[in-house]
S.K.: 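Right, I'll just put the structure down here and ask away after.
As the structure is a prediction and not an experimental result, all values here were calculated from the model. Here is the naming used below: chain letters follow the sequence lines, and residue numbers restart at 1 for every chain.
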Amino acid sequence: MRRTTGRLLRGFAVLSVLALGATACGGSDNNSSGQKAVSAADIQAALKKGGTVNVWAWEPTLKTVAADFQKKYPKVKINLVGDRSGDKHYTALSNAIAAGKGVPDVAQVEYFALSQYSLTKGLSDLAPYGADKLAAKYTPGPWNAVSEGDKVYGLPMDSGPMAMFYNKKVFDKYKIAVPTTWDEYVDAARKLHKADPKVYIANDAGDAGFTTSMLWQAGSRPYKVDGTKVTVNFEDAGAKKYTDTWQKLIDEKLVAPINGWTDDWYKGLGDGTIATLTTGAWMPANFVSGVPNASGDWRAAPMPQWTKGDKASAENGGSSLALPALGKNKELAYAFVEYANSGDGVQTRIKQGAFPATKAELQSTEFQNTKFDYFGGQEANKIFAESAANVASDWSYLPFQQYANSIFNDTVGKAYISGTKLAAGLKSWQDASIKYGNEQGFTVSK
Amino acid sequence: MSSTSSPVTTASQPPSAQSGGSKNTPRLRTRRKHTPGRPKRSVLLTVLTGLIMLYTVVPLVWLVISATKTQDGLATSSGLWFSHKFALWENIHDTFTYHDGIFVRWLLNTLLYVVLGAGGATLLAILGGYALAKFNFPGKRAVFAVVIGAVAVPGTALAVPTFLMFSKMGLTDTPWAVIIPSLVSPFGLYLMWVFATEAIPTELMEAARIDGAGEIRTFFQVAMPLLAPGTVTVLLFTTVATWNNYFLPLIMLKDPNWYPLTLGLDAWNSQAQTIGGDVIFNLVITGSLLTIVPLIAAFLLLQKYWQSGLAAGSVKE
């Protein structure tokens, strides 16, 4: 049921984005390049005058940020609407943009989906508001994701430099060393599963976000985007490294066939069935709220490397706050976004468990010395901050990544259930992405 | 939601039917006469019925059992048995109070949509079905074609166009965006049409007219009582459809204050898929259980009308 709805939703999201592309092309002449600069004084004046800002965002810590902002500027009302994430959020956003009505003034947009909206001119360029001067504040991964040339389509809200979380209790029990390279990881997977057939090194039932992050770390750059000219190619050396290694885990049935974020997944993280989780640094908050019974069992470690001694990392997840072009109260909306993602809001959000994208916060001693009770008192932020600094910034997503991700399980996902090879799956993902992109008016080649 | 009216009479049959055979030939079976009152017993059918019953009942059992567990208990115990802590009352309390009692608001919203949407749809279906069955007017065949065609179009396919239309009218994100489309029930109309054709003898209407009753009086005093079983059937269908409707409100509504229960529970569920979100599977499960209770009650209360409605017109009297 969920699955079908998800598929339908994706279909509609895609349809709506098309419609949005069509409408945006018609009216793009007057707002694209000739935007007037907005001075700090203009923004201050708007804040004094007051008004309402409609914000569509699901990030939970924004509630406090919005309350603080309203306290600081009593004439401004932040109307935070945020119960839905992912597909449903983008469907609603695309529908509203297509209809030209009910568009929020501020929207949370994940990094992978940003170019989809910026390319169809669905988002305002924030550079005239002074966002271009904030580049140095952010770590390279997130900033690269929100900016395009001299345009800035959102301010990074959080980031997901990757780390490997592992269940120390399980590793200690079977006296297995915590892997530092992917080869060691495969070995550890074999040993763990042999010691206890119920234990798997990881869960993976096919996850587009995880796969792209793994390719990112391995040095593969499958997507190249230059305006509407796009290339999709999963045949480089990095992709081969990833498929060779991960194929072993799949072939030997060493990964648990559990989808992330389901109740089974939370259960597996809690009872030791899933021994490691390689994901974004935002994970600790989810451990605390979703797997409270395993408190003390887990630790964080750097992501395993392809070559021993390397420090390569990648991003997983993370989102920005952007200003839809059809939104109103632009000055107020920008003021809020700046407050939340660059100003005082950042500290508020870190205190509630969000993972920052700003360099100053990542490098502060207070942040780095934070002891995580959940991880047995480990100062895990040191690992995360180092990972953030080691993320290569030349990665880009497709301008139709949302669609590409939606067909991941029909292409690459087959490798997890039907014995198709991962490399063959990537090939058919590539073909399907190229075909779709060309149908959408992009010039896509291999 | 599925009804569980499986006729499992054969399952409870005692195995004493074998007593006719001697001990040496236990496989021998006595021959039985099969009459409509005593139908043929088939092991295969019994097993199949049993499986289908399991298939329909197990999720319900799981739901009831899971609703008694805490979030921690859900993660650490088997799905089909109780965990060490019985937390049903606590869960119900938390469901009603979480986020300042938004669940109650969702429940009232759902009731509003059902009363106005399903009630209105039923009323329109009765009026339309009666008119189509008992009056002749130009274009009746065209209406028939449109209605049959409309039954074939899934509601989800119309959701986005409807959204764009309602957006132009400024009705999205208001309860009207859910109520107005719910008023249209082609299947209900078709059902009432067929039902009215069979249930209201044209002679009776003529008699009423000869006695001096106007059209409105004829409809309310002669036709309506005869249509009661069909009305209940359509009401049940539209109520279930509106109560369970997920996609239409999902497209139309953004403000959680106007969510029906389906969307609200889904929003709670998706919190677990959000970075830094609150994981409350226990409340999602308890909420789901509370959500189906009114539907089960409606089915049980209206069952006899509903069944007589379904069978109406099937036998020539």
S.K.: Do side-chain atoms of A:Y266 reach the backbone of B:A272 as a donor and acceptor pair under 3.5 angstrom?
M.R.: yes
S.K.: Measuring heavy-atom distances to chain A, does B:S77 have an atom under 4.5 Å in its side chain, in its backbone, in both, or in neither?
M.R.: backbone
S.K.: How many angstroms lie between atom OG of A:S289 and atom CD1 of B:I280, to the nearest 0.5 angstrom?
M.R.: 10.5 Å
S.K.: Testing the basics here: between B:I275 and A:W282, what is the closest heavy-atom pair and its distance to 0.1 Å?
M.R.: CG2-CB, 3.4 Å
S.K.: Is there a side-chain contact between B:V160 and A:N95 in this structure, where contact means two heavy atoms from C-beta onward sitting under 4.5 Å apart?
M.R.: yes
S.K.: Taking only heavy atoms into account, what residues of residues 167-181 of chain B are found under 4.5 Å from chain A?
M.R.: B:S167, B:K168, B:G170
S.K.: Pick from A:F287, A:F355, A:W56, A:W265: which one has the most heavy-atom pairs with chain B under 4.5 Å?
M.R.: A:W56
S.K.: Atom CG of A:D263 and atom OG of B:S66: how far apart are they, to the nearest 0.5 Å?
M.R.: 9.0 Å
S.K.: State, yes or no, whether a side-chain contact exists between A:K88 and B:L250 at a heavy-atom distance under 4.5 Å.
M.R.: yes
S.K.: Could you give the distance from CH2 (A:W58) to OG (B:S270), rounded to the nearest 0.5 Å?
M.R.: 10.0 Å
S.K.: B:D278 versus A:P60: any side-chain heavy-atom pair under 4.5 Å?
M.R.: no
S.K.: To the nearest 0.5 angstrom, please state how far the OG1 atom of A:T262 sits from the CZ atom of B:F281.
M.R.: 7.0 Å
S.K.: What closest approach, in Å, do A:N286 and B:G277 show between heavy atoms, and which atom pair accounts for it?
M.R.: ND2-N, 4.2 Å
S.K.: Below 4.5 Å from any heavy atom of chain B, which atoms of A:A354 appear? Answer side chain, backbone, both or neither.
M.R.: neither
S.K.: Sequence neighbours left out, what passes side-chain contact (heavy atoms from CB on, under 4.5 Å) with B:A125? Give chain and number order.
M.R.: B:M192, B:V234
